[in-house]
Amino acid sequence: MISGIIQKIMYRSTRDGYSVIEVASPEGDYTLVGYFDIIREGCLIEAECKNEVHPVYGEQFFVHSHIIKEPDSPAGIKAYLASGAIKGIGEVLADRIVKKFKEDTFRIIEEEPERLSEIKGISENIALSISAQFSSEKDIRQAMIFLHKHGVGTKTAVKIYNFYKNEIYDIISQNPYKIAEDIKGVSFKTVDAIAVSSGIASDSTYRIKSAVEYILSKALQSGHTYLPVETLLKNIYELTDLDCISAESHFAGMQMENRIVIKNLNGCSCVYLSRIYHMESNMALMLHDINSAGSFRADIKAKETGKETETDTDKTEETKAKKITGKKAGSGEVDLKTEKEISDIESETGIVLDRLQRQAVYGAYCHRLLVITGGPGTGKTTVINSIIKLFEKKGLEFLLAAPTGRAAKRMSEACDHEAKTIHRLLEINVAGADKTDNDDVYEDMYFEKNENEPLEADAVIIDEVSMVDIYLMYALLKAVTPGTRLILVGDVNQLPSVGPGNILKDIINSQCFHTIRLNNIYRQLEKSDIVTNAHKIINSAYIELKRKSRDFLFIERHGSEAVISAMITLITKKLPDYVAADMLQIQVLTPMRRGELGSVRLNSLLQRYLNPPSYDKNEKKTVDCIFREGDKIIQVKNNYRLEWRIYSKDGRIVEKGSGVYNGDIGTISRIDEFSEVLCVEFDDKKTVDYNFDMLDEIEHAYALTIHKSQGSEYPAVIIPVFNAAALLMTRNILYTGVTRARKCVVMVGENKYFYEMAANNSEIKRCSGLEIMLRQYCMLRENTD
């Protein structure tokens, strides 16, 4: 326990209360670090702490719990008033007030504020203002004490008070579950604890409805768009200890309130959050709209009413197709002119397309919606380039995009045409994010391109579609009008998107759209064992790990420390020259985040070797880690408002914009303690300034989870192979990790675990209704024809 007076607040985050303070006590001076509510210089603090030694800042004490009291000595009161707690009072005025009223100062300010006007420089209006500000500060302190009594931690208490102010008392007494609905990042479990301490009944309607929404929201984080009723009820029981009948009786009311939707999908009763159901259902309709080159919904409605009409879009597209080819668009008939143009492209490029590749190129023109899938080395890029050349011959305008900046950059380089992130393609905008028609899933921003302002192109080609989640696909489809060709390219065997949905797999499995599966391996001609063995992994073929290879290597090591030692040797000595790359370009990929060989621990260890402490490198310590100039970092959440700049060689800003996305990787170029800014230069040369209270948006990137690496490619990849949770020891995780390597992949560990992963074809089944909805709409269309 440390008790003393707060002498100086060295740093404080206005967002969550994280602070660094200096405290003077009879035992000596201490530096305390942690999350604090309302603190002022001069206040008394009692804190439970644990001491640690920082390599740069020396001994620090991390606070686990604390109590803040108003100062009771004249010196403390003076320091408090002079700290900026009350506007209009500086050091001189604080000194006059305390000299006049001494230990009675706070009582005078609160109960007899008019007496402050006895002091030179304080009018009656200023006296009343001082009293009002002091009362407001006291209100905040009382609210913090109130929330702490209900078991709320400081970080969460600051969020709650900032949102509700003095309404917090009514909220907690009437419906504390509203907090979880209103404030992002405050979970059901937190408000449930508040409710228990407030005496809210365990079977309260508020509690059950909040539990349902919490469980469905958590399911989204696991990739599910819905949960079967039985699963939802089981989760409700485990969370609240309430019986199924009591919980299910509230479902009808939640449907009436448009909070959930319950649908029957293939005989299974499924529960959605309303906004997610409408997204998935509308996506199915929009995909059929695009594929039919007209309004699918209008067509269905017309047939149901007996009033069949030909849409303007149909007429326009048919006229355009006949003008170019003499045939109706999407008719499927052999188009000799297009066939010849493809042959001309082969002659011009010197590349002979195989049968499936040729079908894909031809199909991109003849079909409104085309899916192209295939593993590494099967020629997906060759097909995209040939499609681009065909569209150029046809005089068609096209757009290229991918889900992430790294994937878009790879696409640009491979196709020699600009490719944008899907966010940039849709013209992300944060300036008007409070628009009333904004989709609440994207509460921080909206897209300029949508159903009212669609993309202007004859074709849109999207690469790495396996990474696209329901939110991004929904936004994209809204901006693609029927009549525009949509070509979706991706490897269906990759891990699914981080966000909810199973978009690429559902579209392919529905069998509603023309799909080309490329299966001939062309990079074999380059003698790439990475490509050959990746296909063996996905096809359950045996791989001899002891066989010599120049780009697919396995190093046998036993025990986590031996694995780590071998990886460090590879990064620092063996691989840089072998693949002609810098150490920071060599990427460690691991199946898991936690554990001895998880990304969190590996990052801490690798930082010591790849970017050790140095007197010429500034540092910034956070709760979880130390950031150092020269560190390799990754952005871990989308921040649509964060501004970036690109500089010329002579230091001029040549481009600027906003938006940094989950998965972007860069290097810390500067840490400025005075301005409290950490500067990162990303791989695409964008420079971004992070205020110290934003550092929860970045993590070290020396080691990444394989899931985080999707859409990226590295000169060399190192994968620790070890015993882990069965859900992480799967074939598609191994396949995804191996296929991230461009020149060399090295696995380190025990070969028995490699074979276990390669044999484990189990996947966590995602609850997604898109495939079923696509089939249902397809049958509806057929039945009305």
Requested in this report: Using a strict 4.0 Å threshold on nitrogen-to-oxygen distance, state whether E713 and R410 make a salt bridge.
Outcome: yes

Query raised in the report: Salt bridge between E697 and K637, side-chain N to carboxylate O under 4.0 Å?
Result: no

**Report entry** ring pair (Phe, Tyr, Trp, His ring centres under 6.0 Å) against F554, all qualifying residues, sequence neighbours excluded
**Finding:** none

Query raised in the report: Could you state the interatomic distance from CD (E771) to CG (N502), rounded to the nearest 0.5 Å?
Result: 9.0 Å

Query - Within the 6.0 Å centroid threshold, strictly below: F722 and Y753 - result: no

Requested in this report: Report the residues that fulfil salt bridge (charged side-chain N to carboxylate O under 4.0 Å, His left out) with R593, sequence neighbours left out, ordered by chain and then residue number.
Outcome: E699

Query raised in the report: Got C744 and L575 here, is their nearest side-chain heavy-atom distance under 4.5 Å?
Result: yes

Requested in this report: Among residues two or more places apart or on two chains, list those pairs meeting side-chain hydrogen bond (donor to acceptor under 3.5 Å, both in side chains) that have a residue in residues 350-359.
Outcome: E339-R358, S343-R358, E346-R358, D354-N520, D354-Y522

**Report entry** Set of ring pair (Phe, Tyr, Trp, His ring centres under 6.0 Å) partners for Y647, sequence neighbours left out
**Finding:** none

Requested in this report: Please identify each residue that fulfils salt bridge (charged side-chain N to carboxylate O under 4.0 Å, His left out) with K420, with sequence neighbours left out.
Outcome: none

Query raised in the report: What salt bridge (Lys or Arg N to Asp or Glu O under 4.0 Å) pairs are there with at least one residue in residues 492-507, not counting sequence neighbours?
Result: K505-E763

Query raised in the report: Of Q494, Q710, H707, R731, which meets side-chain hydrogen bond (donor to acceptor under 3.5 Å, both in side chains) against T736?
Result: Q494

Report summary line: Between the OG atom in S669 and the CD atom in E629, the distance rounded to the nearest 0.5 Å is 8.0 Å

Query raised in the report: Does a side chain donor of either R740 or S709 reach within less than 3.5 Å of an acceptor in the other side chain?
Result: no

Requested in this report: Using side-chain contact (heavy atoms from CB on, under 4.5 Å) as the criterion, list what pairs up with T231, not counting sequence neighbours.
Outcome: L227, P228, N235

Query raised in the report: Okay, side chain of N639, backbone of L642: is any donor-acceptor separation there less than 3.5 Å?
Result: yes

Query raised in the report: What's the verdict on side-chain contact (heavy atoms from CB on, under 4.5 Å) for I507 and V371, showing C-alpha distance, side-chain angles and the deciding distance?
Result: CA-CA 8 Å; I507 290 173; V371 181; 3.8 Å; yes

Report task. Side-chain contact test, heavy atoms from C-beta onward, threshold under 4.5 Å: evaluate it for L220 versus Y471 and give yes or no. Result -> yes

Query raised in the report: Do F61 and V63 have side-chain heavy atoms sitting under 4.5 Å apart?
Result: no

Report summary line: Note: G630 and L584 closest approach over all heavy atoms is O-CD1, 4.2 Å

Report task. Output all residues satisfying salt bridge (charged side-chain N to carboxylate O under 4.0 Å, His left out) with K189, sequence neighbours left out; order by chain, then residue number. Result -> none

Query raised in the report: Looking at E464 and P403, what are the two nearest heavy atoms and their distance?
Result: O-CG, 3.2 Å

Query raised in the report: Side chain of R766, backbone of G501: donor and acceptor closer than 3.5 Å?
Result: yes

Query raised in the report: When you look at K752 and N723, which way does the side chain to side chain donor-acceptor pair (under 3.5 Å) test go after all the steps?
Result: CA-CA 9 Å; K752 66 178 181 179; N723 191 21; over 6 Å; no

Query raised in the report: Taking all non-hydrogen atoms of both residues, which atom of P576 and which atom of L570 are closest, and how far apart?
Result: CD-O, 3.6 Å

Query raised in the report: Ignoring hydrogens and geometry, is there a side-chain-to-backbone donor-acceptor pair from H535 to N533 under 3.5 Å?
Result: no

Query raised in the report: Is the backbone N or O of G499 less than 3.5 Å from a side-chain atom of S497, with the two atoms forming a donor-acceptor pair by type?
Result: yes

Query raised in the report: Does any N or O in the side chain of T569 come within less than 3.5 Å of the main-chain N or O of S565, such that one atom is a donor and the other an acceptor?
Result: yes

Query raised in the report: Okay, side chain of D491, backbone of N493: is any donor-acceptor separation there less than 3.5 Å?
Result: yes

Query raised in the report: Do the side chains of I372 and L488 get nearer than 4.5 Å, heavy atoms only?
Result: no

**Report entry** Minimal non-hydrogen separation, D689 against C679, with atom names
**Finding:** OD1-SG, 3.4 Å

Query raised in the report: Between the main-chain N or O of V492 and the side-chain N or O of T373, is there a donor-acceptor pair closer than 3.5 Å?
Result: yes

Report task. Answer yes or no: is there a donor N or O on one side and an acceptor on the other, between the side chain of T225 and the main chain of E280, under 3.5 Å? Result -> no

Query raised in the report: Going by the salt bridge (Lys or Arg N to Asp or Glu O under 4.0 Å) test, which pairs reach into residues 599-610, not counting sequence neighbours?
Result: E561-R601

Query raised in the report: Are any non-hydrogen side-chain atoms of E681 and K686 less than 4.5 angstrom apart?
Result: no

**Report entry** Heavy-atom side-chain contact between L610 and I571 under 4.5 Å
**Finding:** yes

Query raised in the report: Side chains of Y661 and Q635: closer than 4.5 Å at any heavy-atom pair?
Result: no

Query raised in the report: Do N603 side-chain atoms and Y702 backbone N/O form a donor-acceptor pair below 3.5 Å?
Result: yes

Query - Counterpart residues, ring pair (Phe, Tyr, Trp, His ring centres under 6.0 Å), relative to H514 (two or more places apart) - result: H367

Requested in this report: Go through the steps for R424 and E418 under the test salt bridge (charged side-chain N to carboxylate O under 4.0 Å, His left out), then give the verdict.
Outcome: CA-CA 12 Å; R424 277 192 64 208; E418 182 188 16; 3.8 Å; yes

**Report entry** Pair F754-M729, side-chain contact (heavy atoms from CB on, under 4.5 Å): steps then yes or no
**Finding:** CA-CA 9 Å; F754 172 90; M729 297 287 287; over 6 Å; no

Query - Pairwise salt bridge (Lys or Arg N to Asp or Glu O under 4.0 Å) hits with a residue in residues 568-580, at least two apart - result: none

Query - I543 backbone acceptor or donor facing Y755 side chain under 3.5 Å - result: yes

Query raised in the report: Who passes salt bridge (charged side-chain N to carboxylate O under 4.0 Å, His left out) against D551, sequence neighbours left out?
Result: none

Query - Residues K632 and Q587: side-chain donor-acceptor under 3.5 angstrom - result: yes

Query raised in the report: So, N662 versus K708: side-chain donor-acceptor pair below 3.5 Å or not?
Result: yes

Report task. Using a 4.5 Å cut-off on heavy atoms from C-beta on, say whether the side chain of I719 contacts that of V746. Result -> no

Requested in this report: State whether the number of non-hydrogen atoms from other residues, nucleotides or ligands found under 6.0 Å of R517 atom CZ is greater than 12.
Outcome: no

Report task. May I have the step-by-step check of side-chain contact (heavy atoms from CB on, under 4.5 Å) for T190 and S187, ending in yes or no? Result -> CA-CA 5 Å; T190 298; S187 74; 3.4 Å; yes

**Report entry** Euclidean distance, T421 OG1 relative to D664 CG, rounded to 0.5 Å
**Finding:** 8.5 Å

Query raised in the report: Hey, what do you get for CD (E619) to CD1 (I668), rounding to the nearest 0.5 Å?
Result: 10.0 Å

Query raised in the report: Between R547 and D529, is there a salt bridge with N-O shorter than 4.0 Å?
Result: yes

**Report entry** Worked verdict on M467 versus T404 for side-chain contact (heavy atoms from CB on, under 4.5 Å)
**Finding:** CA-CA 9 Å; M467 299 176 65; T404 67; 3.3 Å; yes

